[in-house]
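Have a look at the structure below, then the notes.
Just so it is clear, the values below take in all heavy atoms, side chains as well, and ignore hydrogens, waters and symmetry mates. Each chain gets a letter, A, B and so on, in the order the sequences are listed, and its residues count up from 1.
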Amino acid sequence: MSRYNAREVEPKWQKAWEDAAVFRATRDRDRPKYYVLEMFPYPSGRIHIGHTRNYTMGDVIARYKLAQGFNVLHPMGFDAFGMPAENAAIENGVHPGDWTYRNIDTMRTQMKPMGFSIDWSREFATCDPEYYAQQQALFIDMMEAGLIYRKAAVVNWDPVDQTVLANEQVIDGKGWRSGAPVERRELTQWFFAISDMAEELLTAIDGLEAWPEKVRTMQRNWIGRSQGLQFGFETIGAPEGFARLDVYTTRPDTLLGAGFAAISPDHPLAKALESNPEIAAFNAECRRMGTSEEELETAEKKGFDTGVRVRHPLDPSWELPVYIANFILMDYGTGAIFGCPAHDQRDLDFSRKYGLPVIDVFKSSESAPDVAKEAYVPLKSQPVTYIRGFAGEKVMTGDEAVAAAVAFCEEAGIGTGVTKYRLRDWGISRQRYWGCPIPMIHCESCGIVPEDKANLPVRLPDDVTLDRPGNPLEHHPTWRHTACPKCGGAATRETDTMDTFVDSSWYFARFTSPRAETPTVAEDAAYWMNVDQYIGGVEHAILHLLYSRFFARAMHMTGHLPAGAIEPFDALFTQGMVTHETYSTRNAAGRTIWHTPDEVVRTETGATLADGTPVKVGPSIKMSKSKKNVVDPEDIIEAYGADTARWFVMSDSPPERDVEWTASGAESAWKHLQRVWRLTVEIAAERERSAGGPEAAAGEEALSLLRAAHRAIRDVTADIEGFSFNRAVARLYELTNAIAKASPEAPGMTEARAFAMRTMAQLMGPMVPHLAEEVWARLGGEGLVVRAAWPVADPALLVESSVILPIQINGKRRGEISVPADADTGAVEAMVLADPLVVRALDGATPRRLIVVPGRIVNVVM
RNA sequence: GCGGGCGUGAUGGAAUGGUAGACAUACCGGACUUAAAAUCCGGAGGCCCUUGUGCCGUGGGGGUUCGAGUCCCCCCGCCCGCACCA
């Protein structure tokens with residue numbers, strides 16, 4: 001029997017799809033549209049198996065919706081600006097653009113044999129001048145709409161390389177290349193005013209019903225709306241101009257538990273005190289830390305007593321010390337707090353360290369002892385007993401107490417209730433070459449003015465030197481010199497480029513009219529938006545998705561998107577990552593050397609290199625180039641074909657969960673597809689033999705197979721709708737087993753088997769499209785299976801005549817009973833009570849309860 | 001540190017609060033074969049020399065319920081994000 005030859009079959013059908021332009025998306029008012037999008041890749045070099053999994057998921061949805069009669073848009077592009085291209089340029093002397101476009105070519109070449117239903121005519125890369133020209137136009141429009149401004153912000157500065165470092169380039173407080181201790185430095189930067197939309201972005205989350213709850217929760221927490229009290233401490237011994245110290249607290253109810261006040265090292269008061277050399281030194285030490293929140297929060301808590309005192313707002317005779325503390329963020333609230341150690345673990349740790357008092361404000365109940373071993377931090381919704389309250393009842397919830405405290409303080413003129421957000425404005429300035437130039441011009445007489453739109457794009461120069469420190473655009477000999485678009489005088493260009501997150505914040509809208517001379521085209525955007533199904537990694541749950549939601553609103557405000565598209569992603573699915581074990585050895589210098597999976601031989605006890613050197617097997621983590629734990633899908637395609645790779649990544653693991661890659665899985669996927677193929681050839685031969693003969697009516701066994709096929713239609717459809725691809729695969733295994741077990745000579749079986757197998761071709765088509773076409777064609781399917789309408793289960797073939805109910809006695813399974821499917825509860829109860837098993841168990845007694853869950857279970861409670 | 005998630009046989013996993021382990025991998029046995037591969041058929045959570053209408057079993061401990069892998073509380077472990085990685 002001939003083997004299924006993926007190498008021949010797959011290109012054949014890919015050509016057939018291309019010739020028929022099956023995946024070309026064009027506006028068509030007569031068909032409902034469906035826009036499915038996977039987060040586009042960064043062109044890092046090669047596709048890895050994680051991409052394969054991601055795009056196969058999108059492809060299953062796209063092909064399924066196509067079969068359901070939708071006009072499907074399924075585009076692909078490249079998120080092509082970013083640091084790796086510059087790093088490659090520095091390390092290998094290649095131009096970032098050459099490196100990027102070469103990678104894009106490689107990755108496209110790797111993706112095409114996968115047979116994805118992508119409309120490649122819409123492809124673009126964000127580094128294409130045609131794309132970033134429109135991004136610059138958007139920037140100018142957003143500027144005019146008041147969504148962009150400039151302010152000073154803190155960056156990581158490498159004093160040796162004279163460059164700004166990304167957080168990931170700061171390792172243990174040192175620059176990754178220079179090894180020099182990183183400093184914090186202030187630069188004037190461009191900002192998007194996303195925090196102006198904080199409330200809108202927060203409340204609109206409620207409407208995102210087809211988003212995972214966890215992503216909605218993360219976004220809510222990120223925006224971090226809090227209600228609290230802002231008030232001013234009267235200071236004692238503070239420098240000129242600091243008579244008041246404003247603090248913000250979300251727990252004003254704990255004011256009488258105050259132990260100290262603390263300010264950020266970046267607070268103006270902290271800076272004003274730097275004439276004291278000790279304070280200057282402390283602040284400088286704090287500023288040696290990186291800028292990431294994680295680093296600030298996990299660093300050892302340190303403080304410095306400034307000597308300044310503040311008066312407690314409720315008791316002017318009560319003085320509190322003011323510390324500078326390294327864990328206070330200048331960006332949140334007022335950059336100053338009061339510490340309540342009894343009810344905040346961090347404040348407690350701090351108080352212990354510096355010998356500050358700990359005063360309980362409330363307890364869990366009237367009788368609870370006064371304890372201060374551990375900060376008592378109950379949920380704000382939980383009622384507690386106040387022992388040092390000053391407003392409201394003795395027993396109330398934290399929420400009630402906060403409201404009462406705010407009301408009291410407003411009444412007494414101590415402070416005001418305010419709503420604050422954790423969300424900060426989005427700083428987009430990057431002092432790098434390989435990004436979208438910010439289209440602004442600095443003119444001595446006109447100030448900062450936008451470039452004339454007619455002059456867009458502001459192109460990146462090709463001739464740059466990346467091997468010297470600093471921003472390449474800044475030290476390019478001519479690029480920055482230009483004429484002021486307003487007065488025509490000599491002026492200089494902005495040399496900062498945009499954060500690459502900007503590029504990915506509107507690409508989904510660009511796909512609706514990718515070649516237009518404007519960012520979008522109204523009719524196209526109105527027809528195709530929103531993205532009906534967006535698919536991507538959960539690592540983008542916050543930033544990318546939040547920025548995109550902001551951008552969609554900004555694009556609506558500036559006339560580039562319709563009002564209906566301000567929430568651009570109707571449904572979101574976050575797929576898990578593909579992980580793999582890591583393998584490492586140490587070299588003579590003790591440095592860790594990583595090894596790829598194909599360099600390593602697994603043994604029973606561990607792993608070794610080919611030469612027998614023992615290898616340390618590390619945990620299975622996200623595949624990354626740096627850890628070398630990557631698997632190249634090309635190897636699998638070469639050995640087994642694209643369908644095998646697609647089938648494998650869809651089977652076994654639920655798509656939202658991480659999947660650990662193992663080599664054994666691919667071969668079993670291939671075996672299964674071979675089995676489907678053998679059955680197809682067998683059935684095709686049976687049909688040929690019986691051709692022209694009288695058609696036998698379907699007997700009981702054939703009917704049973706038809707029933708199995710219809711159950712598969714019902715279940716696979718539900719599983720695809722619910723993103724349970726692994727279950728859909730299991731259902732298809734069951735159908736294969738049913739077809740294989742059916743006796744070919746049973747009456748009517750030839751056609752029943754052919755029907756079941758054609759159904760299988762349709763149901764597995766979204767996952768293994770090439771094999772599906774081949775099966776479909778061999779068994780008399782009409783046209784291309786990719787164009788065939790999705791099958792519909794016949795309800796008459798789904799009903800069973802009887803069901804088997806397990807019988808529980810006191811919650812433990814003791815037996816089962818077969819009852820007619822249409823028996824009502826009373827009839828089932830009677831049958832259960834008459835069952836010998838139950839009679840014996842009851843031994844003449846009357847059951848206390850009899851629970852019948854129709855179609856599921858019976859529980860007899862004695 | 002903060003926010004979010006996950007934890008089920010040897011393995012990947014299945015299970016609207018209702019028969020735990022579907023389906024698959026690996027494994028064991030059988031058929032076919034000179035043999036092997038491939039293929040086909042079958043077995044299988046653990047325990048007991050009590051084989052039963054038995055007991056135990058979904059990271060650990062507690063709770064709600066007629067009934068908990070699923071809901072609630074506490075704990076442990078792992079993973080993701082933390083604003084200049086994409």
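- Across T100(A), T497(A), N87(A), a single residue satisfies side-chain contact (heavy atoms from CB on, under 4.5 Å) together with W434(A), and that is T100(A).
- No donor-acceptor contact under 3.5 Å links the side chain of E539(A) to the base of C82(B).
- Residue N737(A) is classed as a sugar-phosphate contact, given heavy-atom separations below 4.0 Å to backbone atoms only.
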(request) Report the secondary structure of RNA chain B in dot-bracket form, marking unpaired bases with a dot and bases paired to a different strand with |, and treating Watson-Crick or G-U pairs with both distances under 3.5 Å as paired. (result) (((((((..(((.....[....))).(((((.......))))).((((...).)))..(((((..]....))))))))))))....
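- Contact check, S292(A) against C82(B): no side-chain N or O comes under 4.0 Å of OP1 or OP2.
- In this entry the distance linking CZ of F192(A) with P of A83(B) reads 19 Å, nearest Å.
- Phosphate proximity of G4(B) to R216(A): absent, as no side-chain N or O sits under 4.0 Å from OP1 or OP2.
- A close approach under 4.0 Å does occur between a side-chain nitrogen or oxygen of N726(A) and OP1 or OP2 of A14(B).
- Here the side chain of N156(A) is nearest to one of A83(B), A86(B), C84(B), namely C84(B).
- OP1 and OP2 of A68(B) both lie 4.0 Å or more from every side-chain N or O belonging to K812(A).
- In terms of modelled atom types and a separation under 3.5 Å, the side chain of Q169(A) and the main chain of A166(A) share a donor-acceptor contact.
- Side-chain N/O atoms of W670(A) and Y4(A) include no donor and acceptor closer than 3.5 Å.
- Computed from coordinates, the K301(A) NZ to G1(B) P distance equals 9 Å when rounded to whole Å.
- The closest side-chain donor-acceptor pair between S226(A) and Y332(A) falls under 3.5 angstrom.
- Residues Q189(A) and D496(A) have side chains that never bring a donor and an acceptor to within less than 3.5 angstrom of each other.
- We find that E300(A) and K353(A) are joined by a salt bridge, their nearest charged nitrogen and carboxylate oxygen being less than 4.0 Å apart.
- Contact check on E293(A) versus R422(A) returns a salt bridge, with a Lys/Arg side-chain nitrogen under 4.0 Å from an Asp/Glu carboxylate oxygen.
- Under the 4.5 Å side-chain criterion, counting only non-hydrogen atoms from C-beta, F327(A) is not in contact with D349(A).
- Comparing the C1' positions of A24(B) and G9(B) gives a spacing of 14 Å, expressed to the nearest Å.
- Checked against salt bridge (charged side-chain N to carboxylate O under 4.0 Å, His left out), K174(A) has no partners two or more places apart in sequence or in another chain.
- Between the C1' atoms of U70(B) and G18(B), the separation comes to 11 Å (whole Å).
- In this structure, the CD atom of Q169(A) is 8 Å from the P atom of C85(B), given to the nearest Å.
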(request) Summarise how protein sits on nucleotides 61-66 of chain B as a single string, 5' to 3': B when a protein heavy atom is under 4.0 Å from the base, S for sugar-phosphate-only contact, - for no contact. (result) -----B
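- Rounded to the nearest Å, the gap between the C1' atom of U11(B) and that of C80(B) is 24 Å.
- Under the 6.0 Å distance and 45° angle rule, K301(A) does not count as a cation-pi partner of F350(A).
- As judged by a 4.0 angstrom heavy-atom cut-off over every strand, Q189(A) is placed among the base-contacting residues.
- The side chain of W222(A) lies closest to A83(B), out of G3(B), A83(B), C23(B).
- By the salt bridge (charged side-chain N to carboxylate O under 4.0 Å, His left out) test, D266(A) pairs with R184(A), R287(A), sequence neighbours left out.
- Counting any heavy atom pair closer than 4.0 Å across all strands shown, P654(A) reaches sugar-phosphate atoms only and no base atom.
- One atom, CZ of R657(A), and another, P of G5(B), lie 14 Å apart when rounded to the nearest Å.
- When the nearest nucleotides of RNA chain B are assigned to E656(A) and L187(A) by heavy-atom distance, the more 5′-ward of the two goes with E656(A).
- For C82(B), its base sits under 3.5 Å from the side chain of E294(A) at one donor and acceptor pair at least.
- Remark: P of G5(B) and CE of M218(A) are 7 Å apart, rounded to the nearest angstrom.
- If you take CG of N221(A) and P of A83(B), they are 16 Å apart, rounded to a whole angstrom.
- With a glycosidic angle more than 90° from 0, G57(B) adopts the anti conformation.
- A sub-4.0 Å separation between OP1 or OP2 of C85(B) and a side-chain N or O of R430(A) is absent.
- In this structure, G224(A) reaches neither bases nor backbone, as no heavy-atom distance under 4.0 Å exists between it and the strands shown.
- In terms of position along RNA chain B, the nucleotide closest to I804(A) lies nearer the 5' end than the nucleotide closest to the other residue of the pair V729(A) and I804(A).
- Going from the C1' atom of C71(B) to that of A22(B) covers 24 Å, rounded to whole Å.
- Side chain to side chain, T163(A) and D158(A) fail the donor-acceptor criterion of an N or O pair below 3.5 Å.
- Between F648(A) atom CZ and G13(B) atom C1' there is a gap of 12 Å when expressed in whole angstrom units.
- R216(A) pairs by the side chain to side chain donor-acceptor pair (under 3.5 Å) definition with E213(A), not counting sequence neighbours.
- In this structure, S653(A) reaches the G13(B) phosphate: one of its side-chain N or O atoms is under 4.0 Å from OP1 or OP2.
- Annotation: C28(B) and C76(B) have their P atoms spaced 41 Å apart (nearest Å).
- Residue R422(A) places no side-chain N or O under 4.0 Å from the OP1 or OP2 atom of C82(B).
- The residue T217(A) sits close only to the backbone: its heavy atoms come under 4.0 Å of sugar-phosphate atoms, none of a base.
- A distance of about 25 Å separates the C1' atoms of U25(B) and U19(B), rounded to the whole Å.
- Looking at heavy-atom distances under 4.0 Å, R814(A) makes contact with sugar-phosphate atoms alone, never a base.
- At least one side-chain heavy atom of V538(A) sits under 4.5 Å from a side-chain heavy atom of M218(A).
- Base contact: F501(A) has a heavy atom under 4.0 Å from a base atom.
- Put simply, the side chain of R731(A) and the base of C23(B) share no donor and acceptor less than 3.5 Å apart.
- Rounded to an integer number of Å, the gap from E86(A) CD to C84(B) C1' is 12 Å.
- Residue contacts for H544(A): at a heavy-atom cut-off of 4.0 Å it reaches no nucleic acid atom on any strand shown.
- The aromatic rings of Y547(A) and W426(A) sit parallel, their planes meeting at an angle under 30°, below the 60° perpendicular limit.
- Comparing A31(B) with A38(B), their C1' atoms sit 14 Å apart, to the nearest whole Å.
- The side chain of N167(A) places no N or O atom within less than 4.0 Å of a non-bridging phosphate oxygen (OP1 or OP2) of C82(B).
- The closest side-chain heavy-atom distance from P41(A) to F78(A) is below 4.5 Å.
- Taking the P atom of each, G81(B) and G67(B) are spaced 42 Å apart, rounded to whole Å.
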(request) For each nucleotide in nucleotides 38-45 of chain B, reading 5' to 3', give B when a protein heavy atom comes within less than 4.0 Å of its base, S when such contact involves only the sugar-phosphate, and - otherwise. (result) SSS-----
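- Ranking A83(B), A86(B), A22(B) by closeness to the A730(A) side chain, first place goes to A22(B).
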